[in-house]
Amino acid sequence: MTSLRRFIVCTVLCLAATAASAQDRVVYHIDNTVAHGLKGLRNLRNHLDVDPAAKITVVTHAEGVDMLMEGAKAANGTEYAPLVSALKSRGVSFEICEITLKNRELKKEQFIQEATFTLSGVVRIAKLQAQGSAYIKP
């Protein structure tokens with residue numbers, strides 16, 4: 001085999017291996033805890049059960065931030081924090097929009113420690129999509 005052929009074969013094999021090992025990147029958009037909170041967390045768990053290597057970011061704003069508040073519960077009494085903590089341990093990141101905090105006069109101290117903050121939820125979603133993340137609205 002010539003050197004050029006070896007180079008081409010190696011390049012193709014390397015590209016195939018890279019594509020096979022690439023993580024899917026996904027952004028879940030939650031802006032209403034009542035409508036999308038439990039359903040979204042269930043979707044996240046199912047997503048990771050099928051694709052455990054996926055890199056998932058959950059961006060919350062408006063009423064979606066409510067599920068990440070200390071002591072938050074769904075209408076059926078289910079606490080959000082343990083579900084979020086379990087997903088966080090599987091690599092999911094949860095982000096809260098700081099514009100929402102300002103508009104609703106909320107404080108960062110009111111939220112669970114598993115969450116981080118982003119300046120703008122919608123800007124963050126747009127940037128993640130521009131970087132190749134798939135967009136999911138549960």
Side-chain angles (χ1 to χ4, degrees):
M1 191 181 293
T2 68
S3 294
L4 179 58
R5 280 193 176 159
R6 279 192 208 126
F7 174 76
I8 292 171
V9 169
C10 285
T11 301
V12 169
L13 290 174
C14 286
L15 289 173
T18 300
S21 68
Q23 289 180 321
D24 286 334
R25 292 180 310 210
V26 183
V27 57
Y28 277 75
H29 174 196
I30 298 181
D31 62 358
N32 185 311
T33 294
V34 173
H36 306 291
L38 285 179
K39 178 173 69 170
L41 295 174
R42 186 175 52 251
N43 289 167
L44 286 157
R45 185 192 66 227
N46 293 342
H47 192 140
L48 289 171
D49 286 348
V50 174
D51 184 6
K55 179 172 176 19
I56 300 175
T57 304
V58 177
V59 178
T60 65
H61 68 96
E63 288 79 27
V65 305
D66 296 354
M67 66 185 260
L68 299 175
M69 294 184 81
E70 287 285 349
K73 294 181 183 180
N76 68 4
T78 301
E79 291 184 37
Y80 287 105
L83 303 174
V84 170
S85 183
L87 290 165
K88 178 83 172 172
S89 73
R90 295 178 73 181
V92 177
S93 63
F94 291 84
E95 299 182 12
I96 298 167
C97 172
E98 290 183 5
I99 292 173
T100 295
L101 299 186
K102 181 181 174 188
N103 291 341
R104 293 183 56 196
E105 298 181 0
L106 299 171
K107 305 285 183 225
K108 290 181 178 181
E109 298 78 31
Q110 293 176 265
F111 294 88
I112 60 176
Q113 66 183 7
E114 287 82 3
T116 59
F117 299 89
T118 187
L119 294 176
S120 168
V122 293
V123 170
R124 179 70 170 137
I125 291 167
K127 287 185 184 264
L128 288 167
Q129 285 183 280
Q131 294 167 359
S133 289
Y135 172 85
I136 296 178
K137 175 95 168 154

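Since the structure is predicted, the reported quantities are computational estimates derived from the model, not experimental observations.
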Solution key, residues 106-116 side-chain donor-acceptor pairs under 3.5 Å, sequence neighbours excluded:
unit_1, atom_1, unit_2, atom_2, d
K108, NZ, E98, OE2, 3.1
Q110, OE1, K107, N, 2.6
T116, OG1, F94, O, 3.3

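For D51, the side chain to side chain contact (heavy atoms under 4.5 Å, CB included) partners at least two apart in sequence or on another chain are D24, H47, A53, A54. With sequence neighbours excluded, the residues that form a side chain to side chain contact (heavy atoms under 4.5 Å, CB included) with A74 are L38, N76, T78, Y80. Partners of T57 by side-chain hydrogen bond (donor to acceptor under 3.5 Å, both in side chains), not counting sequence neighbours, listed by chain and number: S93.
Listed by first and then second residue, the salt bridge (charged side-chain N to carboxylate O under 4.0 Å, His left out) pairs involving residues 128-137 are D31-K137 (not counting sequence neighbours). Within the structure, salt bridge (charged side-chain N to carboxylate O under 4.0 Å, His left out) pairs that include any residue of residues 82-92 comprise D49-R90 (at least two apart or interchain). The list of salt bridge (charged side-chain N to carboxylate O under 4.0 Å, His left out) pairs with a residue in residues 60-73, not counting sequence neighbours, reads D66-R104. The stretch residues 124-136 participates, sequence neighbours left out, in these salt bridge (charged side-chain N to carboxylate O under 4.0 Å, His left out) pairs: E95-R124.
Using a 4.5 Å cut-off between side-chain heavy atoms of Ile, Leu, Val, Met, Phe, Trp and Tyr, with links allowed through other members, M69 and V34 fall into different hydrophobic clusters. Hydrophobic clustering keeps L68 apart from I99 (ILVMFWY residues linked when any side-chain heavy atoms are closer than 4.5 Å, directly or through intermediates). Linking Ile, Leu, Val, Met, Phe, Trp and Tyr whenever their side-chain heavy atoms come within less than 4.5 Å leaves V123 and Y28 in two separate clusters. Under the 4.5 Å side-chain heavy-atom criterion for Ile, Leu, Val, Met, Phe, Trp and Tyr, V122 and V26 are members of distinct hydrophobic clusters.
Taking the centre of each ring, H61 and H29 come in below the 6.0 Å mark.
Across all non-hydrogen atoms, the minimal contact from G121 to C97 is N-SG, 3.3 Å.
With T33 contributing its side chain and G64 its backbone, the two residues share a donor-acceptor pair below 3.5 Å.
Side-chain heavy-atom separations under 4.5 angstrom define the hydrophobic clusters, and the remaining members of the one that includes Y135 are V27, V59, I125, L128.
Interatomic distance, CD1 of I96 versus CD1 of I30, reported as 11.5 Å (0.5 Å rounding).
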